[in-house]
Visitor: 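First the structure, then my questions, so here it is.
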Amino acid sequence: QVQLGESGGGLVQAGDSLRLSCAASGRTFSTYAMGWFRQAPGKEREFVATIRASGSMTYYADSVKGRFTISRDNAKNTVYLQMNSLKPEDTAVYYCAASPGPWGRRDRYEYDYWGQGTQVTVSS
């Protein structure tokens with residue numbers, strides 16, 4: 001069982017940066033691939049980024065590639081999402097999620113555990 005809690009969301013202007021954090025409970029955090037997803041009003045939840053359990057590789061949605069960076073600290077049971085050059089279309093609730101196994105996943109249905117989400121709002 002893994003419990004996840006996101007923090008770091010807020011209201012920013014276009015071009016600003018934010019760093020989201022996701023703290024996980026449990027001693028098996030390092031065995032889970034982690035992902036960030038987001039959901040805007042009226043839209044489906046979409047993949048943003050994922051990182052392997054070891055942290056050795058990362059994958060991004062095309063819409064955030066070059067602007068967002070996912071990282072993790074297995075000693076602190078925490079995964080991060082550094083978001084730079086934010087755009088109004090990045091406005092959404094951001095969720096972190098844990099997928100059992102070492103490989104990063106793009107499909108939300110491969111994630112077993114989810115946080116409660118944190119709101120990110122980018123004004124123009």
Visitor: Going from OG on Ser99 to CG on Asp107, what distance comes out if it is rounded to the nearest 0.5 angstrom?
Guide: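 It is 9.0 Å, given to the nearest 0.5 Å.
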Visitor: State the NZ-CZ distance between Lys87 and Arg67, to the nearest 0.5 angstrom.
Guide: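 Going from NZ on Lys87 over to CZ on Arg67, the span is 4.5 Å.
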Visitor: Sub-3.5 Å donor-acceptor pair from the side chain of Ser54 to the main-chain atoms of Arg52, do we have one?
Guide: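 Pair absent, no side-chain N/O of Ser54 close to backbone of Arg52.
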Visitor: Between Lys65 and Asp62 (salt bridge meaning N to carboxylate O under 4.0 Å), is one present in this structure?
Guide: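 Here Lys65 pairs with Asp62 in a salt bridge, since their nearest N and O are under 4.0 Å apart.
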Visitor: Same cluster for Phe37 and Tyr60 if Ile/Leu/Val/Met/Phe/Trp/Tyr side chains link at under 4.5 Å?
Guide: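 Result: no, two separate clusters.
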Visitor: Within the distance-only criterion (no hydrogens, no angle test), does the side chain of Ser25 pair as donor or acceptor with the backbone N or O of Gln3 below 3.5 angstrom?
Guide: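 Yes, because the side chain of Ser25 sits within donor-acceptor range (under 3.5 Å) of the backbone of Gln3.
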Visitor: Taking the side chain as everything from C-beta on, heavy atoms only, tell me whether Phe68 gets closer than 4.5 Å to Leu81.
Guide: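 Yes, at least one pair of side-chain atoms sits under 4.5 Å.
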Visitor: On a heavy-atom basis, which atom in Ser21 and which in Thr78 lie closest, and how many Å separate them?
Guide: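 Closest pair (atom of Ser21, atom of Thr78, distance): CB-CG2, 4.4 Å.
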Visitor: Kindly say whether Gly117 contributes a backbone atom to a donor-acceptor pair with the side chain of Glu6 at under 3.5 angstrom?
Guide: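 Confirmed, Glu6 side chain pairs with Gly117 backbone.
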Visitor: Using 0.5 Å steps for rounding, measure from the OH atom of Tyr32 to the CG atom of Asn77.
Guide: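 So the OH of Tyr32 and the CG of Asn77 are separated by 11.5 Å.
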Visitor: Would you say the side chain of Val12 lies within less than 4.5 Å of the side chain of Ser123, judging by non-hydrogen atoms?
Guide: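 The answer is no, as the side chains (C-beta and beyond) never meet within the 4.5 Å cut-off.
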Visitor: Which atom names give the shortest non-hydrogen contact between Ala40 and Ala92, and what distance separates them?
Guide: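 Heavy atoms of Ala40 and Ala92 come nearest at N-CB, 3.8 Å.
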Visitor: Within 45° of the axis and under 6.0 Å from the centre of the six-membered ring of Tyr95, does NZ or CZ of Arg108 qualify?
Guide: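 That pair does not qualify as a cation-pi contact.
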Visitor: Is the Phe47-Trp36 ring centre distance short of 6.0 angstrom?
Guide: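 Distance test on ring centres: not under 6.0 Å, no.
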Visitor: Answer yes if Met83 and Val79 sit in the same cluster of Ile, Leu, Val, Met, Phe, Trp and Tyr residues linked by side chain heavy atoms under 4.5 Å apart, and no otherwise.
Guide: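 Yes; Val79 is reachable from Met83 via cluster members.
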Visitor: Measure across Ala33 and Arg72 and return the closest heavy-atom pair with its distance rounded to 0.1 Å.
Guide: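 For Ala33 versus Arg72, the nearest heavy atoms are CA-NH1, 4.0 Å.
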Visitor: So does Arg105 get a backbone contact from the side chain of Tyr111, meaning a donor-acceptor N/O pair under 3.5 Å?
Guide: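 Flag set: sc Tyr111 to bb Arg105 pair under 3.5 Å.
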Visitor: Hey, could you give me the OH/CG distance between Tyr94 and Leu18, rounded to the nearest 0.5 Å?
Guide: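 Tyr94 atom OH to Leu18 atom CG measures 9.0 Å (nearest 0.5 Å).
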Visitor: Would you indicate whether the side-chain heavy atoms of Cys96 and Gln116 approach each other to under 4.5 Å?
Guide: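 No, every pair of side-chain atoms sits at 4.5 Å or beyond.
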Visitor: May I ask you to decide if Tyr59's main-chain N or O and Thr50's side chain share a donor-acceptor pair within less than 3.5 Å?
Guide: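 No; judged by distance alone, with no hydrogens or angles, the pair does not exist.
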Visitor: Please walk me through it: do Glu89 and Thr91 pass side chain to side chain donor-acceptor pair (under 3.5 Å)?
Guide: CA-CA 5 Å; Glu89 50 264 45; Thr91 295; over 6 Å; no
Visitor: Relative to Tyr80, does Arg19 satisfy both conditions: NZ or CZ under 6.0 angstrom from the six-membered ring centre, and within 45 degrees of the ring's axis?
Guide: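 The answer is yes; both the distance and angle limits are met.
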Visitor: Measure the shortest side-chain to side-chain distance between Asp90 and Val120 over non-hydrogen atoms and say whether it is less than 4.5 angstrom.
Guide: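 Not touching, per the 4.5 Å side-chain cut-off.
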Visitor: CG of Leu4 to CZ of Phe29: how many Å apart, nearest 0.5 Å?
Guide: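 Rounded to the nearest 0.5 Å, the CG-CZ separation comes out at 8.0 Å.
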Visitor: Donor-acceptor check, side chain of Thr118 to backbone of Gly9, threshold 3.5 angstrom: yes or no?
Guide: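 Present.
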Visitor: Do Arg45 and Trp114 form a cation-pi contact, if we require the NZ or CZ to be under 6.0 Å from the six-membered ring centre and within 45 degrees of the ring's axis?
Guide: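 Yes, cation above the ring, under 6.0 Å and within 45°.
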Visitor: Would you say the side chains of Ser17 and Asn84 form a donor-acceptor pair under 3.5 Å?
Guide: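 Ser17 vs Asn84: donor-acceptor pair found between side chains.
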Visitor: Atom CE in Met57, atom CD1 in Ile51: separation rounded to 0.5 Å?
Guide: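 So the gap between those two atoms works out to 10.5 Å.
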Visitor: Using a 4.5 Å cut-off on heavy atoms from C-beta on, say whether the side chain of Val93 contacts that of Arg38.
Guide: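 Sidechains of Val93 and Arg38: no contact.
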Visitor: For the residue pair Gly101 and Ala53, what are the closest heavy atoms and their distance?
Guide: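 Closest heavy-atom pair between Gly101 and Ala53: O-CB, 4.2 Å.
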